[in-house]
Amino acid sequence: MITMISLKEAAAYLQTNDNYIILTHQYPDGDTLGSAFGLCKMLQQIGKNARVLYNGQLQDRFAYLANGVSEQSFTKETVISVDVADKALLGELIEYSSRVELCIDHHSIHRQYAKRSYVDPTAAATAEIIYLIGELLGVEYTKDIADCVYTGVATDTGCFKFSNTTLQTHEIAGRMIQSGCDFARINKDMFDTITKAHIAIEQKALETLAYYVDGECAVMYTTKEMCTRCGATDDDIEGLSSVPRKIVGVRVGITIRQKGDDLYKISVRTNGGVNAAEICSIFGGGGHPAAAGCTIDGTLDKVIERLVAAAAVALKNSRD
Ligand SMILES: [Mn+2]
């Protein structure tokens, strides 16, 4: 049985059970990690056992999120997932997919897989929901918890710039600032810091930039060979996805990253009411209205051709 539950029921479930394993999605970002570590610290504060399984390596720039977590070992695990819209996104944690007792998420394209789910697509970040659960659990927002919630909220809103940002987003961020979160350092590290490898791969990717659909769609790509030559990590390449959408007149910005010989990971960022999730869902992916992703097999030329065709349809639909 799979059911949707209310926020209160989600909090009550956490209050009632124990021994939580908290799962993040693959290629973990600030929201899934901030939500997982924030929730872990809240649960430990109210006397529960909890630990985070974060899917891959914890990047150095996110290491502070684990500050204040106590190491706990336990059996009879209760599995929770945060910010994981689809079981396929569990990546290397896929073995847990049939055991997820509670999922907390904010993706509008959420595909239910947990026994019970609380999904609020009006929340800008899953971390907003984690904050609200903390209130229901009577948690004290320590600096270590505040750093986690703030990171989730700030990263999923592009530092409060995206249209998903609401009064609630700012109120929660304000509460976290009041609780002592290190917002200036977090903002600098998340938004204003890039590696030399990132600049090098950006330079290479910009050489591939091309316009389609009367200049409303911009596409750029990176190959494995380019990444190896620049020493670029997944994180360096991830940061490129916001670049094409910045260009005046571009409403669909597509970044293509070669993952295998004929396998490409796609990021779509849109402006002006073009639905990025609509474009990516054609290829079995998804995401948010202005930011979505998918994976496509084929040759690079064919992948670009299919994406441009999908972008042309979404651009037309946005005008209808
Ligand atoms: Mn999120």
Side-chain angles (χ1 to χ4, degrees), residues 4 7 10 22-42 52-56 58-59 61-62 65 80-91 93 100 102-114 117-134 145-166 168-173 176 181 186-187 189-191 234-235 238-239 241-242 265 267-270 275-277 280-281 285-294:
M4 288 293 278
L7 186 69
I22 307 169
L23 311 181
T24 71
H25 61 70
Q26 61 184 353
Y27 312 114
D29 60 8
D31 189 30
T32 198
L33 289 169
S35 295
F37 282 112
L39 181 62
C40 181
K41 291 176 219 181
M42 290 176 182
V52 174
L53 288 186
Y54 44 69
N55 227 321
L58 186 62
Q59 291 167 32
R61 67 195 197 97
F62 289 129
L65 296 171
I80 309 266
S81 69
V82 288
D83 201 43
V84 184
D86 189 314
K87 67 179 176 198
L89 300 174
L90 285 169
L93 304 175
V100 182
L102 170 65
C103 166
I104 300 165
D105 187 28
H106 70 126
H107 291 88
S108 56
I109 50 99
H110 183 88
R111 288 199 196 112
Q112 261 190 285
Y113 56 91
S117 310
Y118 177 73
V119 181
D120 177 6
T122 71
T126 296
E128 276 189 23
I129 305 170
I130 299 302
Y131 168 89
L132 297 170
I133 285 177
I145 291 175
D147 280 347
C148 288
V149 171
Y150 184 88
T151 299
V153 166
T155 52
D156 261 23
T157 58
C159 209
F160 311 96
K161 285 190 296 191
F162 301 157
S163 59
N164 59 350
T165 309
T166 63
Q168 174 173 280
T169 314
H170 280 285
E171 280 175 346
I172 292 172
M176 296 303 94
C181 85
I186 294 170
N187 291 339
D189 287 357
M190 295 296 132
F191 305 105
D234 278 354
D235 198 37
E238 199 65 53
S241 53
S242 60
K265 185 169 183 276
S267 290
V268 178
R269 300 289 182 272
T270 57
N275 192 340
C280 291
S281 68
H288 301 284
C294 59

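Along the sequence shown, residues carry numbers from 1. We count ligands from 1, going down the list as the structure has it; atoms in each ligand are counted the same way.
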Item to check | Where Tyr113 and Ala85 come nearest, the two heavy atoms and their spacing | outcome: CE2-C, 4.2 Å

Checklist entry - Is His107 close enough to the Mn ion (ligand 1) to have an N, O or S atom under 2.8 Å? => result no

Item to check | Metal-centred angle, OD1 of Asp83 through the Mn ion (ligand 1) to NE2 of His106, rounded to 10 degrees | outcome: 80°

Checklist entry - Is a side-chain donor or acceptor of Asn164 paired with a backbone partner of Asp156 at a separation under 3.5 angstrom? => result yes

Checklist entry - What N, O or S atom of Asp156 is found closest to the Mn ion (ligand 1)? => result OD2

Item to check | Asp31 backbone or side-chain N/O/S under 2.8 Å from the Mn ion (ligand 1) | outcome: yes

Next on the checklist: For the backbone of Phe162 and the side chain of Thr157, can you confirm whether one donor and one acceptor N or O come within less than 3.5 Å of each other?
Outcome noted: no

Item to check | Of Thr32, Thr24, Ile129, the residue whose pairing with Asp83 passes side chain to side chain contact (heavy atoms under 4.5 Å, CB included) | outcome: Thr32

Item to check | Electrostatic pair Asp189-Arg61, nearest N-O below 4.0 angstrom | outcome: no

Next on the checklist: Is Asp29 close enough to the Mn ion (ligand 1) that one of its N, O or S atoms comes in under 2.8 Å?
Outcome noted: no

